Amino acid sequence: MKIASYNVNGINGRLPVLLRWLKEAKPAIVCLQELKTTSDKFPLNAINAAGYSAIWHGQKSWNGVAILSRKEPLNETRRSLPGDRTDTNSRYIEAIAHQIVIGCIYLPNGNPYPGPKFDYKLKWFKRLSAHAKKLLAHDVPVMLVGDYNVMPTELDVYKPEKYIDDALFRKETRAAYQRLLKQGWTDAIRYKYPDKRIYTFWDYLRNAWGRDAGLRLDHFLLSPQLISRLKAVGVDKHVRGWDKTSDHAPVWIELKTK
DNA sequence: ATGCCCGGAGCGTCCGGA
């Protein structure tokens with residue numbers, strides 16, 4: 001069973017690319033980020049026609065998350081993180097499918113550092129960690145999937161020295177990610193490839209794709225119950241080379257069906 | 001130090017992204 005994550009950077013503008021990739025990759029579950037559309041403009045008909053059901057939480061212009069499922073029904077468990085009722089950003093949606101709790105995450109970018117956006121990023125991270133801890137305590141299979149906007153280590157950045165004061169690589173950001181892992185989560189991509197340079201994002205600027213100047217930002221955090229079921233992981237890197245493509249590539253993991 | 005490229009909103013040219 002393949003579960004994928006894809007920051008589409010605008011689901012309506014990206015629809016042809018998304019549909020082409022769905023047809024090719026056939027994931028059972030897909031977590032999408034950066035829909036950049038209101039909920040009423042979510043392209044449900046096209047997604048349904050491609051063979052997927054969906055739950056989504058949109059927002060005008062920015063953010064927006066969705067979970068797609070090929071066969072199994074999605075039972076939505078929440079559509080925001082607890083801990084701040086004033087936060088109106090659509091950055092989290094969660095459902096149960098295949099007896100797995102699946103949290104779809106679009107963590108704030110946080111640039112520029114320092115400033116209120118960076119503070120918001122760290123606050124959001126704290127709320128995520130608090131919720132993640134509760135999920136682990138339930139002792140059910142859980143995965144927290146999506147665009148974390150964090151390069152966890154120097155291996156995840158094409159040129160680490162350029163990113164020292166970037167919100168995605170600041171020591172506070174990396175520390176927050178490590179604290180989250182320490183609860184008992186496993187970064188599935190890194191677990192399978194401890195020493196490999198793997199990127200999931202290439203900026204549109206400065207010919208980043210052509211130079212392979214990438215970042216690893218999209219992560220799968222697995223609860224302990226899922227580790228023994230992890231068969232394979234990968235990045236559909238070629239999709240980043242398509243016309244009118246996102247700046248992220250789809251990332252996926254393959255689990256043994258229980 | 002700045003612009004470089006994109007999508008969205010909306011119609012000139014911003015903002016936010018990472």
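Quantities reported herein were computed from a predicted structural model and do not represent experimental measurements. Numbered from 1 within each chain, the chains take letters A, B, ... in sequence-line order.
In this structure, CG of A/N207 is placed 11 Å from P of B/dC5, rounded to the nearest angstrom. Taking atom CG on A/D247 and atom P on B/dC4, their separation rounds to 18 Å, with Å as the unit. With rounding to whole Å, A/N12 atom CG is found 16 Å from B/dC6 atom C1'. Between the P atom of B/dG17 and the CG atom of A/D218 lies a distance of 15 Å, rounded to the nearest Å. For the pair A/W242 CH2 and B/dC6 C1', the computed distance is 19 Å after rounding to whole Å. Distance, A/N7 CG to B/dG7 C1': 12 Å, rounded to whole Å. One interatomic measurement links the two molecules: CD of A/E34 to P of B/dC5, which rounds to 19 Å at whole-angstrom precision. If you measure from atom CG of A/L35 to atom C1' of B/dG16, you get 16 Å, rounded to the nearest angstrom.
Under 4.0 Å is where a charged nitrogen must lie from a carboxylate oxygen, and between A/D187 and A/R216 at least one such pair does.
Within 4.0 Å of A/Y163, counting heavy atoms only, lies no atom of the nucleic acid at all. Within 4.0 Å (heavy atoms only), A/F169 reaches no atom of the nucleic acid at all. As judged by a 4.0 angstrom heavy-atom cut-off over every strand, A/N63 is placed among residues making no nucleic acid contact.
For B/dG3 and B/dC14, the P atoms lie 11 Å apart once the distance is rounded to whole Å. Here the separation of B/dC6 from B/dT2, taken at their P atoms, is 22 Å to the nearest Å. As rounded to the nearest Å, B/dC15 and B/dC4 have P atoms that lie 15 Å from one another.
Among B/dG7, B/dG17, B/dG3, the nucleotide with an atom closest to any side-chain atom of A/Y106 is B/dG17. Which of B/dC5, B/dG10, B/dG17 sits closest to the side chain of A/K60 comes down to B/dG10. Among the nucleotides B/dC15, B/dG17, B/dG8, the one closest to any side-chain atom of A/S61 is B/dG8. Residue A/N9 places its side chain closer to B/dG7 than to any other of B/dG7, B/dA9, B/dG17. Taking only side-chain atoms of A/Y204, from C-beta outward, the nucleotide of B/dC6, B/dC4, B/dG16 with the closest atom is B/dC6.
Here A/R14 reaches the OP1 or OP2 of B/dG7: one of its side-chain N or O atoms lies under 4.0 Å away.
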Subject >> ring pair (Phe, Tyr, Trp, His ring centres under 6.0 Å) between A/Y158 and A/Y163, intermediate numbers included >> reply: CA-CA 10 Å; A/Y158 68 98; A/Y163 283 83; 5.7 Å; yes
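A/Y92 and A/H131 have perpendicular rings, their planes meeting at more than 60° on a 0 to 90° scale where under 30° would count as parallel.
Donor-acceptor pairing under 3.5 Å is recorded for the side chains of A/H238 and A/E24.
For the pair A/K36 and A/I11, the minimum side-chain heavy-atom distance is 4.5 Å or more.
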